Amino acid sequence: MNKISNVGMLAVLFAAAAVSCTKDNLSVNADIQGSRLTFTGNTVIDTRFSIGEKDGEVYPLLWQEGDAIAIWSQNAAPGKPDESGAPTMTGNILGEQAQLWSGSAGKTSGVFQTNNPVSVTSDEDIVIVYPASAAYSEGVISANVPEFQEQRGSNSSLHVGKYAIAYDKISLKANQTEDVVFHLQQKTAFVKLVLTTSEYASMKLVGASITCPGEVLAGQVTANVADGTLTTVEGKTFDRAGVKYRTPVTFSSRQELYFTALPADLSGKDCVITVVMTDDTKTVTIPVVVKGGKLEASKLSVITVENVSKASVNCAWYEPEETRDLLDAWAYGPQNTYFIEQKAKGEGDTKLTISVKARGDFSKVREPKYYGLLSGSSEMSTRKLIKMPDGTTTYQADPTTPVNPDYTIDLYSFDQSQNGRWATVALYDANKKIIWSFMIWRYLAGDKPSDVAYPGTDIVLMDRILGAPYSNKMALEKGNYDGAPGAFFQWGRKDPFMWSNSGITAVYNEKPTTPAAGIVEAIESPGIIFENCAESYSDWQGKEHRTDLWGGVNNTQDWYDPAGIGHKTIYDPCPEGYRVPDARVFQEVGSKAQPWEVDLKLAFQPEGNIKADSPFKASNTAVLAYPLSDTEFDFWPYGGAHWCDKGKGWGNRTASNTRHACLYWANSVDPAHTNAGIMMEYCYFSSSYNANTRHNAIRVRAFGVRCQKESAK
């Protein structure tokens, strides 16, 4: 245990880094002598002050050029809506802006003045509000302290005022325009993190934070100016507060990071200081567990973490380094899909061992304790692929198989006496709640996955569709794809869906999206197809509506970006070394591939698309055939989709939505409809549905994925 002096400090529980803390009074906006207030209405100006060097026992707050306050009548209140229905306010002075004189920059006292005078003909009780952007009504200030704030540069505290909450109540005399003196009551706490490293000196520091479970450190809050009480807004608070650099800075020297937090008594509680660094190949997240102290209003807590290193992490089930884009989130294991070889009949099982250590946001992860099958079991179909170490092949609502002491899990495949193609296994915490899941995908002995390079391009694809029973080469040799070619994915999700949504209702079924549904719910319910088909551009995400889940890049207004090379994220469903394809891949396929469709006597069948000599005709499987040479082709099979139309739900699917629709997701969203993902579509039943006419679909739909080779970093 490191020795720490002073009262109410933060003490290290375990870490190689030395942590020390001091907590001192802040001189918050000393009395402003001779302030002149001539009220007018301006747009909101960025509020900002900085924390100066310690003077004795005081850290002064210094006004900075461009800062502003807002002035309100204390009795300001909502009024009747105007003719357009817009809200109005009553009161003589309604959020008038007053800007700092340039001569006050860098000082603890400042003179503020508005551009145009406002006439006050009688005495007026007013409230001075800081920052100027904070809302005021009926004696209450409404403000937001973000979970993550933005620091402009190395060792800069210029941003902290933007997230503060401060005010003063004074009386303005009739016709008074000068000699108005006020001082602000500061209701937020401030934190200064001092960080050093030698191990990661070549990396860039992204930011840092403090997390204390069960506490409120940031979020939406109101301040009552009558009694000074702060009230948090339920459901809009965070147990973490921190800061990120606007642009990550090289971590070769001592770094000081500043942020604003809500006051909290963390005395004796286990909290976590998390430091995040990055370079061109990876993200490193170092959590340091500490004993909390007090974060007090109008005071600065200084926390020093010396020599941040991997040795600072004393948690066996946590992996600090991650090569995928973490998206400010968390994951378990280095990938979401694993191959397992299926040996010839009679040759026995194949063992697969998977690392399941957590990575990313340490405040959100839990120790993995158990694992069990979700699909690929006898309840789901007669096809089997994997089994547990004890021979279990069925879904267990109460999994009992423990994670190995080194935080790996073991799975075994059947040989080809069983014909399962892929399966899913779930990871559980101590309370038997799903915390992550993995897709296990088979390849037949002698059909190991390989690459297909498209001539004249930089496009390299895996030689099969994600979840397919075998490669395109073997499919050609067999003359069929053995039914539907692979697995189905809702846009942005990492977990696969079977062709049917029947089976164990609690494990595999469609489910209407609720307002609370989002990424967390998707992780906890990997087999649930969240759907909301009521809107034209519907998203399974009821909360985030994130556009970066699969790392797509689109800097154009068109459906694809010719230079849009994506990157792998923690939600990417492809195996290691591959990722969901760029939209530009579909432009290439759509411009050159030939539709080899077969005659199934469907209604509205377009003429001229029948490939009488297709090698897949006997199995009634249509494909897009992309020419690799005059005689060789790469195949995109028509594999169907979980379609989800407005008001129709999922239900039974028509022929166009079974084996006779060619639909695949790209990694980006449509710039014109951000709730729609980019996709490639050919439908056999309609000549108007082809890769040159429609390029997007609502994210709730579940399509196939063709994995693209990752670019070298």
Side-chain angles (χ1 to χ4, degrees), residues 2 4-6 9-10 12 15 17-28 48-64 105-106 108 145-164 186 188-211 217-218 240-261 271-278 284-288 290 292-293 295-296 298-309 312:
N2 292 302
I4 297 177
S5 59
N6 287 346
M9 304 307 151
L10 302 180
V12 174
V19 178
S20 65
C21 307
T22 59
K23 200 179 300 289
D24 301 280
N25 292 328
L26 283 168
S27 175
V28 182
R48 51 186 180 178
F49 58 70
S50 64
I51 298 174
E53 293 297 322
K54 187 176 181 181
D55 182 9
E57 295 302 314
V58 173
Y59 284 91
L61 290 183
L62 306 176
W63 295 113
Q64 298 298 324
T108 58
V145 178
E147 180 183 18
F148 276 103
Q149 297 150 33
E150 182 181 81
Q151 184 163 320
R152 302 182 182 205
S154 182
N155 305 329
S156 171
S157 61
L158 193 60
H159 60 286
V160 290
K162 185 176 181 179
Y163 311 113
Q186 179 58 257
T188 44
F190 301 95
V191 178
K192 175 182 178 180
L193 291 177
V194 181
L195 308 175
T196 65
T197 188
S198 56
E199 181 174 337
Y200 298 118
S202 64
M203 299 192 73
K204 291 185 177 181
L205 180 61
V206 175
S209 63
I210 182 171
T211 304
L217 302 184
R240 172 173 61 181
V243 65
K244 296 178 181 178
Y245 284 115
R246 180 175 294 178
T247 301
V249 300
T250 302
F251 202 2
S252 57
S253 60
R254 168 190 171 105
Q255 294 296 319
E256 296 178 356
L257 295 88
Y258 295 84
F259 58 89
T260 306
C271 302
V272 179
I273 303 296
T274 302
V275 183
V276 181
M277 298 152 287
T278 188
V284 177
T285 308
I286 302 294
V288 180
V290 301
L295 300 181
E296 298 183 65
S298 193
K299 292 188 178 181
L300 178 69
S301 297
V302 181
I303 307 171
T304 301
V305 183
E306 299 284 356
N307 197 23
V308 175
S309 69
S312 304

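If you're wondering where the values come from, they're calculated on a predicted model, not measured in any experiment.
- Using a distance-only test at 3.5 Å, with no hydrogens or angles considered, no donor-acceptor pair links the side chain of Ser209 to the main chain of Ala241.
- Residues satisfying the side chain to side chain donor-acceptor pair (under 3.5 Å) criterion with Thr196, sequence neighbours excluded, are Glu306.
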side-chain contact (heavy atoms from CB on, under 4.5 Å) evaluation trace for Leu61 with Thr108:
CA-CA 6 Å; Leu61 290 183; Thr108 58; over 6 Å; no
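- Residues satisfying the side chain to side chain donor-acceptor pair (under 3.5 Å) criterion with Ser253, sequence neighbours excluded, are Gln255.
- Val308 and Tyr200 make their closest contact through O-CD1, 3.7 Å (heavy atoms, listed as atom of the first residue, atom of the second, distance).
- Taking both residues in full, the closest heavy atoms of Phe148 and Ala208 are given as CE2-O, 4.4 Å, listed atom of the first, atom of the second, then distance.
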Test log, rule side-chain contact (heavy atoms from CB on, under 4.5 Å), inputs Val288 and Val275
CA-CA 8 Å; Val288 180; Val275 183; 5.7 Å; no
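- The side-chain heavy atoms of Ile51 and Leu300, taken from C-beta on, include a pair separated by under 4.5 Å.
- Inter-residue side-chain proximity for Val191 and Ile303 is flagged as met; some heavy-atom pair is nearer than 4.5 Å.
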Under the criterion side-chain contact (heavy atoms from CB on, under 4.5 Å), I'd like the reasoning laid out for Val284 against Thr278: C-alpha separation, chi angles, the key distance, then a yes or no.
CA-CA 6 Å; Val284 177; Thr278 188; over 6 Å; no
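- Among all heavy-atom pairs drawn from Leu295 and Ser301, the shortest one is CD2-OG, 3.5 Å.
- The shortest heavy-atom contact between Gln64 and Ser50 is NE2-OG, 2.8 Å.
- Within a 6.0 Å radius of CG in Asp55, no more than 12 heavy atoms belonging to other residues, nucleotides or ligands are found.
- Put simply, CG on Leu257 and CG on Leu205 are 5.5 Å apart, with the number rounded to the nearest 0.5 Å.
- The structure places CE of Met203 at 9.5 Å from OG1 of Thr197, a figure rounded to the nearest 0.5 Å.
- At least one donor-acceptor pair closer than 3.5 Å links the side chain of Gln149 to the backbone N or O of Thr260.
- When all heavy atoms of Arg240 and Ala218 are compared, the pair lying nearest together is O-CB, 3.5 Å.
- Between the His159 side chain and the Val243 main chain, no donor and acceptor come within less than 3.5 Å of each other.
- Between the CG atom in Leu195 and the CE atom in Met277 there is a gap of 9.0 Å [rounded to 0.5 Å].
- Counting only residues at least two apart or in different chains, salt bridge (charged side-chain N to carboxylate O under 4.0 Å, His left out) contacts with residues 190-204 comprise Lys192-Glu256.
- The shortest side-chain heavy-atom distance between Val302 and Tyr59 falls under the 4.5 Å cut-off.
- Nearest heavy-atom pair across Pro287 and Val272 is CB-CG1, 3.8 Å.
- For the atom pair OG1 (Thr274) and CD1 (Ile210), the distance works out to 9.5 Å, reported to the nearest 0.5 Å.
- Taking CD of Glu147 as the reference point, atom CZ of Phe259 lies at 11.0 Å (rounded to 0.5 Å).
- No side-chain N or O of Ser298 forms a donor-acceptor pair with one of Glu296 less than 3.5 Å apart.
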Would you sort out whether Gln151 and Leu158 count as a side-chain contact (heavy atoms from CB on, under 4.5 Å), showing the intermediate values?
CA-CA 8 Å; Gln151 184 163 320; Leu158 193 60; over 6 Å; no
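- Shown here are the side chain to side chain donor-acceptor pair (under 3.5 Å) partners of Ser198, two or more places apart in sequence or in another chain: Asn307.
- For the atom pair OG1 (Thr211) and CD1 (Ile273), the distance works out to 8.0 Å, reported to the nearest 0.5 Å.
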